[in-house]
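Written out below as structure tokens is the structure these notes cover.
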Amino acid sequence: MVEHFACNAAGRDFAVGDVHGCFRLLERELEKAGFDPHRDRLFSVGDLIDRGPRSEAALNWLDLPWFHAVRGNHEQMAIDVAAGRYDADNYRINGGTWFLRLSPARRSAIVGRLARLPIAIEVATRHGTVGFVHADIAGRTWAAFRDSLRDTQSDDGLRAVARTALWSRTRIAAGDTAGVPDLHRLVVGHTPVLDGVKTLGNVVFIDTGAVFPGGRLSLVELDAL
Ligand SMILES: [Mn+2]
């Protein structure tokens with residue numbers, strides 16, 4: 001549920017907003033940043049798939065040793081549709097047509113990979129721990145959120161915590177600047193901020209709407225946050 005990464009002493013760490021199939025844009029941003037796959041790492045806030053042109057490429061990216069992603073609500077929708085827990089028409093409206101057109105075998109291969117994506121990632125940096133979730137943490141602190149992911153006894157309980165992590169827009173809707181006291185930064189996507197990367201307290205919203213008109217894909221270096 002939570003994947004931990006030690007400090008990258010050799011190179012740089014980057015975060016990328018919701019890609020939604022726009023992997024050509026991601027390639028371009030990495031090239032502009034001079035990303036070095038031998039030393040640098042890239043962390044995704046999830047929603048690699050749906051809406052955009054190349055959702056299936058997400059699987060190739062997830063095979064790369066320097067690319068790490070948390071699970072987004074779009075990955076969760078694909079998982080839930082395949083399990084019969086989510087309405088296929090709703091998923092289609094949300095950009096899942098590509099997935100629904102695949103063969104059942106291909107769908108289950110994809111879901112098998114997406115289901116292994118963690119809900120949260122934490123990365124040690126020289127400034128402190130940087131946390132990643134798709135939408136927001138449940139609870140006030142990272143420690144409490146981690147505990148709730150670990151200690152939740154039932155599938156339903158886990159789903160409730162994960163629902164906040166994957167879907168919540170409460171913090172940004174309220175303009176809540178309280179932040180997360182036990183992190184250096186929390187990096188999230190999910191809610192498009194078309195005016196550019198937005199910070200509330202120490203929570204950084206990096207989904208600048210790559211797939212939407214007027215939007216772009218944001219690649220940010222963790223050190224610059
Ligand atoms: Mn999302």
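As the structure lists them, so they are numbered: ligands from 1, and atoms in each ligand from 1. Predicted model, so just to flag it, every value in this text is computed and none were measured.
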Across all chains, not counting sequence neighbours, the ring-ring contact (aromatic ring centres under 6.0 Å, His included) partners of Phe23 are Trp61

Distance in Å, Ser108 OG paired with Ile79 CD1, rounded so as to fall on 0.5 Å steps: 12.5 Å

By salt bridge (Lys or Arg N to Asp or Glu O under 4.0 Å), Arg113 pairs with (sequence neighbours left out) none

The Mn ion (ligand 1) neighbourhood, protein N/O/S only, threshold under 2.8 Å: Asp47 OD2, Asn73 OD1, His134 NE2, His190 ND1

Quiz question: by atom type and distance under 3.5 Å, do the side chains of Asp50 and Tyr91 form a donor-acceptor pair? yes

Which residues share a salt bridge (Lys or Arg N to Asp or Glu O under 4.0 Å) with Arg39, sequence neighbours left out: Asp36

Would Asn73 and His134 count as having a side-chain donor-acceptor pair, cut-off 3.5 Å? yes

